[in-house]
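One structure is given below, encoded as structure tokens.
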2 protein chains.
Amino acid sequence: MKRKYDKAFENVIRLQVMSILMANERFDFNGFKEMMEVSDGNLSTHLRTLEKLEYIAVEKSFVGRKPQTNYWATTKGRLAFQEHLNYLENLIKEHKS
Amino acid sequence: MKRKYDKAFENVIRLQVMSILMANERFDFNGFKEMMEVSDGNLSTHLRTLEKLEYIAVEKSFVGRKPQTNYWATTKGRLAFQEHLNYLENLIKEHKS
DNA sequence: TAATTTTACTTTGTATTTCAAAGTACTTTA
DNA sequence: TAAAGTACTTTGAAATACAAAGTAAAATTA
């Protein structure tokens, strides 16, 4: 079980985004907005940060006549997140024993 | 079991400091330095941040003829940290079930 | 014993990050 | 067709991070 602290997940928004994308195959911008208390601009920049790291991928399309931006977690992202959770899990475990 | 995400613990150094102070009644500046890979200045500022939040307290004294700065976790700090760990624990649990 | 180095930190300044407000490019409603 | 809404992106000021430089005393070396 590999453990690795990842700075990318030091922010709650990015932590939550990744958490949601682990449980949901795909999620769109508005979906995130509803799940979290976050301004549009803030959400957008954090999504872009994760995208630049290739932890998530994006697809833009139109639903009806409205734009929709969909996100999903990449394998790289899933691995990194899991390793980060392993780090945290271990840290927590130390405080239980 | 109260859960609460705390920005104060978004940084690894502060996370580790707090973790060490949960397990050890007291710890000094050099002790932290040995435990972590961190520059003196960096460590100093993070300790001060935790101090300003009243999550840790400080006592300066001399051991022999050398100055020694000792730190310990306050009740407020212990509570905040525990609640933060609870938040993380819950997040991790969601990914196991 | 004077000069140099080390110790135990703190302060400073630059770089990076954060996030709300403003902006964009439409679509929908009145 | 004007005004309001939607689905984002960009911008800029403020906060944060951290290495380098600074400080003050102690220990070592010459």
Side-chain angles (χ1 to χ4, degrees), chain A residues 5-21 24 26-72 77 80-81 84 87, chain B residues 5-21 24 26-72 77 80-81 84 87:
Chain A
Y5 190 89
D6 194 331
K7 280 208 150 208
F9 306 121
E10 271 189 347
N11 175 286
V12 219
I13 297 167
R14 293 197 299 262
L15 194 70
Q16 289 176 338
V17 161
M18 211 58 202
S19 184
I20 290 169
L21 289 184
N24 300 272
R26 294 178 137 249
F27 227 72
D28 70 1
F29 192 90
N30 284 322
F32 287 123
K33 258 178 71 177
E34 278 165 36
M35 298 283 285
M36 297 177 238
E37 268 188 47
V38 60
S39 69
D40 295 16
N42 198 3
L43 176 57
S44 176
T45 46
H46 285 302
L47 286 168
R48 197 165 266 268
T49 298
L50 290 172
E51 197 193 336
K52 277 178 189 158
L53 289 167
E54 295 177 320
Y55 283 3
I56 67 175
V58 185
E59 194 183 44
K60 282 163 181 288
S61 59
F62 280 89
V63 173
R65 331 203 49 216
K66 291 185 182 178
Q68 194 185 43
T69 308
N70 267 275
Y71 301 88
W72 66 94
F81 191 66
H84 185 72
Y87 178 97
Chain B
Y5 190 89
D6 193 331
K7 280 207 150 209
F9 307 121
E10 270 188 347
N11 174 286
V12 219
I13 296 167
R14 293 196 300 261
L15 194 71
Q16 290 177 338
V17 162
M18 212 56 202
S19 185
I20 289 169
L21 289 184
N24 301 273
R26 293 177 139 251
F27 226 73
D28 70 2
F29 192 90
N30 284 323
F32 287 123
K33 258 179 71 178
E34 277 165 36
M35 296 284 284
M36 299 176 237
E37 268 189 46
V38 60
S39 69
D40 295 17
N42 197 5
L43 176 58
S44 175
T45 47
H46 286 301
L47 286 168
R48 196 164 267 265
T49 298
L50 291 172
E51 196 193 337
K52 278 179 188 158
L53 289 167
E54 296 177 319
Y55 283 2
I56 66 175
V58 185
E59 194 183 46
K60 281 164 181 288
S61 59
F62 281 87
V63 173
R65 332 204 49 217
K66 289 188 184 178
Q68 192 185 44
T69 307
N70 265 276
Y71 301 88
W72 66 93
F81 191 66
H84 185 74
Y87 177 97

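Nothing here was measured: the structure is a model prediction, and the numbers come from that model. Reminder, nothing fancy here: chain letters follow the sequence lines and each chain counts from 1.
A side-chain N or O of Q68(A) and one of D28(A) form a donor-acceptor pair less than 3.5 Å apart.
Atom CG in D6(B) sits about 15 Å away from atom C1' in dT16(D), given to the nearest Å. Across the protein-nucleic acid pair, F32(A) atom CZ and dC19(C) atom P stand 17 Å apart, rounded to whole Å. To the nearest angstrom, C1' of dT16(D) lies 17 Å from CZ of F9(B). One atom, CG of L43(A), and another, C1' of dT17(C), lie 16 Å apart when rounded to the nearest Å. Summarising the geometry, the separation between CG on N42(A) and C1' on dT9(D) is reported as 13 Å, rounded to the nearest angstrom. Atom CZ in F62(A) sits about 8 Å away from atom P in dC26(C), given to the nearest Å. Per the geometry, CD belonging to E10(B) stands 16 Å off P belonging to dA15(D), to the nearest Å. Taking atom CZ of F27(B) as the reference point, atom P of dC9(C) lies 13 Å away to the nearest angstrom.
Checking the phosphate oxygens (OP1, OP2) of dT28(C), a side-chain nitrogen or oxygen of R65(A) falls inside 4.0 Å. Within the 4.0 Å cut-off from OP1 or OP2 of dT9(D), at least one side-chain nitrogen or oxygen of S44(A) is found. Using a 4.0 Å cut-off, some side-chain N or O of N30(B) falls inside it from OP1 or OP2 of dA8(C). Taking only side-chain nitrogens and oxygens, K7(B) never comes nearer than 4.0 Å to OP1 or OP2 of dA17(D). Within the 4.0 Å cut-off from OP1 or OP2 of dC9(C), not a single side-chain nitrogen or oxygen of R48(B) is found. Listed pair K60(B) / dT10(C) meets the phosphate criterion, a side-chain N or O lying under 4.0 Å from OP1 or OP2.
Nearest nucleotide to the S39(A) side chain, out of dT10(C), dA17(D), dA20(C): dA20(C). For I13(A), the side-chain atoms get nearest to dC19(C) when compared with the rest of dT10(C), dC18(D), dC19(C). Side chain of K66(A), nearest nucleotide from dT28(C), dT10(C), dA26(D): dT28(C).
Here T45(A) lies in heavy-atom contact (under 4.0 Å) with a base.
Residues G41(B) and T49(B) both approach DNA chain D. Their nearest nucleotides, taken by heavy-atom distance, put T49(B) toward the 5′ side. Of the two residues near DNA chain C, N11(A) and P67(A), the one whose nearest nucleotide lies more 5' is N11(A).
In summary, the aromatic rings of Y87(B) and Y5(B) are positioned with their centroids under 6.0 Å apart. Under the 6.0 Å cut-off for aromatic ring centres, Y55(A) and F9(A) qualify, their centroids lying closer than that.
For the pair I56(B)/M18(B), a side-chain contact is recorded, criterion being any heavy-atom separation below 4.5 Å from C-beta on.
Judged by distance alone, with hydrogens and angles left aside, the side-chain atoms of H84(B) form a donor-acceptor pair with the main-chain N or O of D6(B) at under 3.5 Å.
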